[in-house]
Amino acid sequence: MAKKRTYSTGPFRERAILVGVNVRSRGDYWALDDSLAELSELARAAGANPIARFTQSMNKPSPTYIGKGKIEELEHAVKHEKVDTAIFDDELSPNQQKTLEDKLQVKVIDRTALILDVFAQRARSREGRLQIDLAQTEYLLPRLAGQWSHLERLGGGVGTRGPGETQIETDRRLVRRKLQRVKKELKQVRSQRERQRQVRTQGDAKIISLVGYTNAGKSALFNKITSSGVIERNQLFSTLDTTTRQMYLPSGIQATISDTVGFVHKLPPILVAAFRATLEEALEADMLLQVVDVSSPYAAEQAQVVSDQLLDMGIGDTPRILVLNKLDLVASSQDEPLSLDVLSQINITEFSRVVTTSATKGWGMTDLRDAIESEVTRPKAAPVTSVPID
Ligand SMILES: Nc1nc2c(ncn2[C@@H]2O[C@H](COP(=O)(O)OP(=O)(O)OP(=O)(O)O)[C@@H](O)[C@H]2O)c(=O)[nH]1
Ligand SMILES: [Mg+2]
């Protein structure tokens, strides 16, 4: 029987194996090793202890996520390495999850459940908690049937299957009711926030939003330029709630600036929807500061993920300044030129300006303020008018 799907956050750390596939037809631009390295960080953030990785390359997706031979390898590891959990690097369908759980006889978690788990631990505000609650409940609903499979396996027949099925129905009804309740509460909280936002954005203050991959240093930069005390930590998803502050640009122009939730590779669609509201500030921004951690070996891939997701959100055209942060980790002074390795891989043509900073050392803050000011005061390009031919 598969164990209950909950995570331990106490001193006991579940022993987890990580499983990922490289599907050629999917055209992933992340190397599988990099994706699993991040999955490992997420697993640690959720309270698990990753002990081994299993990977497979395939031409097209497999109905069981990985091939038969690989599943046997996993079964072997589970038996001999005291594994509590198997974590898969993609979202599994309810069927795949159930099949894998049946085969491996340990809890099976996918990337989505893992990210939801980390988010659930970090959410602070009422809205943040409600959003997570909504996403988790939506994730759970199609997977409810699998949770009762142990009743069927007790041998079937009288007194097992019937009650099991009834229980699923009861559960589904309860979960649907909960969904409705959470949605209603969210609506109330959001309309209240919308009213506050309208008050804040009245007048002609420019709206600026910090966006970027999780752990890039958005909150650190936000704190530096607004002198606030937003939590900045070396962990994935420190920030889940948008914080907004007023700031004055060098010439006295007023602006509001927001710190937002971080992006991640393969952000589950359930969370994209749930966090669209949190990213509302970015949706309405006059300008985005896209923060990249230049010290990360995955800087270029991370920048690409953010650019792609901004495009998906319909804000790919908002003017963007590229902020190459954590310069102190790759250079000994703020004047040392950045190695072209990173720069050549990031598509800098998407950005109107590039600034290098170190939020912890305070490097590049004047440049950043000046760049923001030049950008928000830059006259919009005049519309092209047609010239009569004769
Ligand atoms: N050395 C160095 N560390 C930095 C710099 N900027 C941020 N950090 C550190 O990097 C870690 C992550 O910073 P945050 O500001 O929390 O990152 P974030 O982008 O807000 O992350 P999320 O909220 O998780 O999306 C923290 O430990 C910061 O102190 C920098 O310029 N140099
Ligand atoms: Mg943050």
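This one's a predicted model, so the numbers in the text were calculated from it and none came from an experiment. When a ligand or atom number is given, it counts from 1 through the structure's own listing order.
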Set out, in order, the CA-CA distance, both residues' side-chain angles and the distance that settles side chain to side chain contact (heavy atoms under 4.5 Å, CB included) for Thr99 and Tyr65, then state yes or no. CA-CA 10 Å; Thr99 310; Tyr65 186 77; over 6 Å; no

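Of the residues listed (Gln180, Arg190, Arg129, Arg126), the one engaging Glu185 in a side-chain hydrogen bond (donor to acceptor under 3.5 Å, both in side chains) is Arg126, and it is the only one.
Under 4.0 angstrom from ligand 1, the non-hydrogen atoms of Leu329 all belong to its side chain. Only side-chain heavy atoms of Asp328 come within less than 4.0 Å of ligand 1; its backbone N, CA, C and O stay farther off.
Each of the following atoms of ligand 1 lies closer than 4.0 Å to a heavy atom of Gly262: 25 (O). Near Ala216, meaning under 4.0 Å from any of its heavy atoms, are these atoms of ligand 1: 17 (O), 19 (O). Listed by number with element, the atoms of ligand 1 under 4.0 angstrom from any heavy atom of Ala220 are 6 (N), 7 (C), 15 (O).
Using a 4.0 Å cutoff on heavy atoms, Gly212 does not count as a contact of ligand 1.
Compare Lys224, Lys326, Lys218, Lys361 by their heavy atoms: the one nearest to atom 9 (C) of ligand 1 is in Lys326. The nearest non-hydrogen atom to atom 6 (N) of ligand 1, considering only Asn325, Leu210, Asn223, comes from Asn325.
Note: Ile372 CD1 to Thr377 OG1 = 11.5 Å, rounded to the nearest 0.5 Å. From Asn325, atom CG reaches atom CG of Leu221 across 4.5 Å, with rounding to the nearest 0.5 Å. Between Thr85 atom OG1 and Arg15 atom CZ the span is 11.0 Å, to the nearest 0.5 Å.
Between Ala77 and Phe54 the shortest heavy-atom distance is CB-CZ, 3.7 Å.
On a distance-only criterion, Ser219 and ligand 1 share at least one N/O pair closer than 3.5 Å. For the pair Asn215 and ligand 1, the shortest N or O to N or O distance falls below 3.5 Å.
The Mg ion (ligand 2) has an N, O or S atom of Ser219 under 2.8 Å away, backbone or side chain.
Side chain to side chain, Asp293 and Tyr213 fail the donor-acceptor criterion of an N or O pair below 3.5 Å.
Val305 and Leu311 fall into different hydrophobic clusters, defined by Ile, Leu, Val, Met, Phe, Trp and Tyr side-chain heavy atoms under 4.5 Å apart, directly or through other members.
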